[in-house]
Amino acid sequence: MRRHFVHFLWGTLLAVLGLVFVFFISVWNGWVGYMPDMDELSNPIDKFASQVYSSDQQLIGTWNADNNNRVAIDYNGLSPHLVHALVATEDERFYEHSGIDFIALGRAVVKRGVMGKASAGGGSTITQQLAKQLFSEKAHSTVERLLQKPIEWIIAVKLERHFTKEEILAMYFNYFDFLHNAVGIKRAANVYFDKEPRRLSVTESAMLVGLCKNPSMFNPLRYPERCLQRRNVVLMQMVKSGYVTNAEYKELSQRPLGLHFTKPKPVSGAGDYFQAFLRQYMMAKKPEREDYQTWQNRQFVLDSIAWEQDPLYGWCNKNTKRNGEPYNVNTDGLRIYTTLDTRMQQYAEESVRKHVGGYLQSQFNLAMRFKKNAPFSSNISRRTIKEILNRSCRQTVRYRRLKEQGATPEEIKRSFRTPHEMTLFTYHGDIDTVMTPIDSIRYYKSFLRSAFVSMDPQTGAVKAYVGDIDYQHFKYDVVMGGRRQVGSTIKPFLYALAMQNGMTPCTLAPNVQRTYGGWTPRNGSRARYGQEVPLRWGLQQSNNWISAYLINLLGPSQFVNILHDFGLNNPDIDKNTSPVLCLGPCEASVGEMVSAYTTFANGGIRCAPLFVTKIEDSHGNVIAKFQPLMTEVISEVSSYQMIDMLRAVIQGGTGSRLRYAYHLTADIGGKTGTTNNNSDGWFMGITPELVSGCWVGGEDRDIHFDHTSIGQGATTALPVWAYFMQRVYADKRLGYNQGKKFAIPAKFNPCQTADTINVNGIQEEYF
């Protein structure tokens, strides 16, 4: 009987061992659970991420499934203190094991499993932690975690077989998320200490390694004391491992954190808004009517046209790999070569920040300081403000999450009025505070917003793209995603229509106030009232009476048609067939407006924005090339006449401060724009080599300056354009110079009508 029992025990043990062996073999081969293939293990971070390059050959981003724009560095780019701190704290026998530390594992099993100690220490090695970060989903229970462990062990062993210890350490640091958009050690070192990783000191390295335990718990900005204590724990572990002496510890542990927190910057100066737009644009799916709301009819039409006419729109879903599957920018390792120039992008971002953040915002805050409705205009009721805030609440993630959880309206309201810990944007860096969500919404609405884009008018290449003032806190992109009323920047399109209909800049028009079908336009000035004035003067002074005269003469329907030719396709344009359309109540994006203005600088040919020049697959094969999309809008002669009038705006009109205040001497044409109540400020500027545009305004139209002196486009938007062009001309590497002239025949007379000009003859004689 005893012998049978012994045989039973041995049989059971052997069966268990056999099952364990079969289980591990199954896991090893991927028959049970998830096991990445060998190719994936060879490059667990970067192989499948697409790389995005600028026109000046800079890597500006990597796109992967977790949406983190990390920059990987190799082991030689790490400070030795980082390596010592990590090994001492997380895996003291790292250099001795092959992925699994059986001593540490046994200790954890005995202390935690047998003795029930919660603080028994972990048995995971650095390699296992890397395997968990790279290839394991978050476990939702102890059972799931226990099932994940064997998979992580095997992945860790495979990682150890295919990588050196140094490569594993580099991958660990490159992958970890250190908070505050600091994904990877390079960005973490930049953000927290404004340093490169190889230059981190002992204490700085210890602090960053301390975050690896739980970055939220030891957040150095929110919990500096807690973070300091954790850093000193890491330093003590370094003492135990012999990397730091006791004497050094006593001195180092007394040092402050020494943070030099720097707001996270886009990689290589490249715009986050640009990358976010491009990623979404390339991944767009074929428009299906059922995917659009009833009020999105026009958008469905526009997207359908883009799907058919723009090769880049939905490129991933219009093209397939060899296996027949569509491309994916997150997983196919594409190399995407864009038109963006990192230097010009940097100048654009700094120009927006300098003027909007450095000047306008303080002026706006000062103007709103004693107003009870702030940041809203005093002209609207408290009820309207409440409706705006409630609408904004319904658009938040918090609201949607509470609705999904079945919260009642009263519970949702209570949640928005309950103080929470949060991080807020300021121009001087993020701050941690306690605030109710509804107050935080109002706080963010107090910031003036801006968008800027610059294009090459001959190729359509987008050189700079600023969607708003800060991507991390203001995701709405006004360059291509949003539209605002364009105001007087619409007037050059009307004047272009007049040129097409046989008028010239010298054609006279009555400068008087008239009524057109019940509409009587107002004007900001009565200069030369009652006189016959040339159209050049009318556009130079942005005179509303001249614009009203022209649209009444030419007809709103003809104006609508040419607006579509210029690329303005907002449905409001089709609906608004009254003469008031000439003053710009319709909405357009900054990208649409800049593309439209390329018509004037490009001989009457409108250039659509070009974002990408070519795409390569992961093997370096060119799989797509892109050319600019061009549309003839007006004649070459009309474009010369428009340049003449747009120059006049700069020489003595609403854009003249470019000369006397910003001392730009280049050949420039431009147009300012200001909408009702100063809700939107615009400036569109053309040069022979660049067409750029800027918009400035509040998130809502009821957030604005009350006085035109500071709320007009010449004050809000024009300076951004000026600062940008100053920087561009000063950077000789870019090749732009102020001596370049528009390619207009030397003896061209803008006051000749089109039917009396032999353009070909002029070109032969004077070009």
Side-chain angles (χ1 to χ4, degrees), residues 36 39-53 58-91 94-95 99 124-136 152 155-156 158-200 204-215 234 262 264-268 270 272 275 329-331 333 335 618:
D39 288 338
E40 189 173 349
L41 283 173
S42 297
N43 273 294
I45 294 179
D46 294 321
K47 179 177 177 62
F48 298 105
S50 291
Q51 298 177 333
V52 187
Y53 292 90
Q58 299 294 314
L59 175 64
I60 62 176
T62 55
W63 297 347
N64 44 42
D66 61 8
N67 293 319
N68 289 316
N69 194 4
R70 71 171 59 83
V71 178
I73 60 173
D74 59 24
Y75 180 81
N76 293 328
L78 300 174
S79 165
H81 303 306
L82 276 170
V83 175
H84 297 160
L86 183 64
V87 171
T89 307
E90 300 293 334
D91 191 354
F94 175 70
Y95 293 104
S124 293
T125 63
I126 290 173
T127 317
Q128 286 175 246
Q129 293 178 39
L130 177 62
K132 178 182 177 182
Q133 291 175 348
L134 291 175
F135 304 113
S136 294
E152 290 170 10
I155 294 176
K158 287 190 174 186
L159 286 171
E160 291 273 354
R161 289 180 62 184
H162 287 84
F163 296 99
T164 65
K165 293 289 186 178
E166 290 75 14
E167 289 171 329
I168 289 172
L169 289 169
M171 284 192 288
Y172 183 96
F173 279 117
N174 283 328
Y175 191 82
F176 197 83
D177 186 345
F178 292 88
L179 292 184
H180 299 290
N181 199 35
V183 181
I185 191 62
K186 176 175 173 61
R187 301 203 87 184
N190 296 159
V191 167
Y192 289 111
F193 299 109
D194 197 21
K195 288 184 176 181
E196 291 302 306
R198 66 179 180 276
R199 301 189 182 280
L200 291 171
E204 292 164 347
S205 298
M207 193 210 83
L208 291 176
V209 169
L211 293 182
C212 294
K213 183 177 179 65
N214 188 325
V234 174
T262 305
K265 300 175 183 177
V267 182
S268 301
D272 284 342
Q275 292 194 54
V329 295
N330 300 319
T331 58
R335 296 173 190 169
S618 58

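In this text the structure is predicted, and so the values were computed from the model without any measurement.
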Practice prompt. Go through the steps to decide whether Phe163 and Leu130 satisfy the test side chain to side chain contact (heavy atoms under 4.5 Å, CB included), and finish with yes or no.
Written response: CA-CA 12 Å; Phe163 296 99; Leu130 177 62; over 6 Å; no
Discussion item. Under the criterion side chain to side chain contact (heavy atoms under 4.5 Å, CB included), I'd like the reasoning laid out for Phe193 against Arg199: C-alpha separation, chi angles, the key distance, then a yes or no.
Written reply: CA-CA 10 Å; Phe193 299 109; Arg199 301 189 182 280; over 6 Å; no
Gap separating the [atom1] atom of [X] from the [atom2] atom of [Y], nearest 0.5 angstrom:
{"X": "Leu159", "Y": "Gln128", "atom1": "CG", "atom2": "CD", "answer": "10.5 Å"}
{"X": "Thr164", "Y": "Glu167", "atom1": "OG1", "atom2": "CD", "answer": "3.5 Å"}
{"X": "Arg198", "Y": "Ser79", "atom1": "CZ", "atom2": "OG", "answer": "11.0 Å"}
{"X": "Ser50", "Y": "Arg335", "atom1": "OG", "atom2": "CZ", "answer": "10.5 Å"}

Worksheet item: Backbone N or O of Val183 within a donor-acceptor pair of the Asp177 side chain at under 3.5 Å?
Response: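 Checking the backbone N and O of Val183 against the side chain of Asp177, no donor-acceptor pair under 3.5 Å is found.
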Discussion item. Taking Gly333's backbone N and O only, do any of them form a donor-acceptor pair with Ser618's side chain (distance below 3.5 Å, no angle check)?
Written reply: no
Worksheet entry | Glu160 and Lys165 ion-paired at < 4.0 Å |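 The answer is yes: the pair qualifies as a salt bridge.
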Does some side-chain heavy atom of [Y] sit less than 4.5 Å from a side-chain heavy atom of [X]?
{"X": "Ile60", "Y": "Tyr53", "result": "no"}
{"X": "Phe94", "Y": "Val83", "result": "no"}
{"X": "Asn190", "Y": "Glu196", "result": "yes"}
{"X": "Leu78", "Y": "Ile73", "result": "yes"}
{"X": "Leu208", "Y": "Glu204", "result": "no"}
{"X": "Tyr172", "Y": "Ile185", "result": "no"}
{"X": "Ile126", "Y": "Leu86", "result": "yes"}
{"X": "Met171", "Y": "Asn174", "result": "no"}

Item to complete: Could you walk me through whether Leu211 and Met207 pass side chain to side chain contact (heavy atoms under 4.5 Å, CB included), step by step?
Response: CA-CA 7 Å; Leu211 293 182; Met207 193 210 83; 4.2 Å; yes
Item to complete: Compare every heavy atom of Ser205 with every heavy atom of Leu82, then report the nearest pair and how far apart it is.
Response: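 Scanning both residues completely, I find the closest heavy atoms to be N-OG, 3.5 Å.
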Worksheet entry | Minimal non-hydrogen separation, Ala85 against Ala206, with atom names |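 Scanning both residues completely, I find the closest heavy atoms to be CB-CA, 4.4 Å.
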Fill in: Derivation and outcome, side chain to side chain donor-acceptor pair (under 3.5 Å), residues Gln51 and Trp63
CA-CA 7 Å; Gln51 298 177 333; Trp63 297 347; over 6 Å; no
Item to complete: Compute the centroid of each ring, for Phe176 and then for Phe178, and state whether the two points are separated by less than 6.0 Å.
Response: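 Here the rings of Phe178 and Phe176 have centres that are less than 6.0 Å from each other.
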Item to complete: Test Leu59 against Val52 for side chain to side chain contact (heavy atoms under 4.5 Å, CB included), laying out the working first.
Response: CA-CA 6 Å; Leu59 175 64; Val52 187; 5.6 Å; no
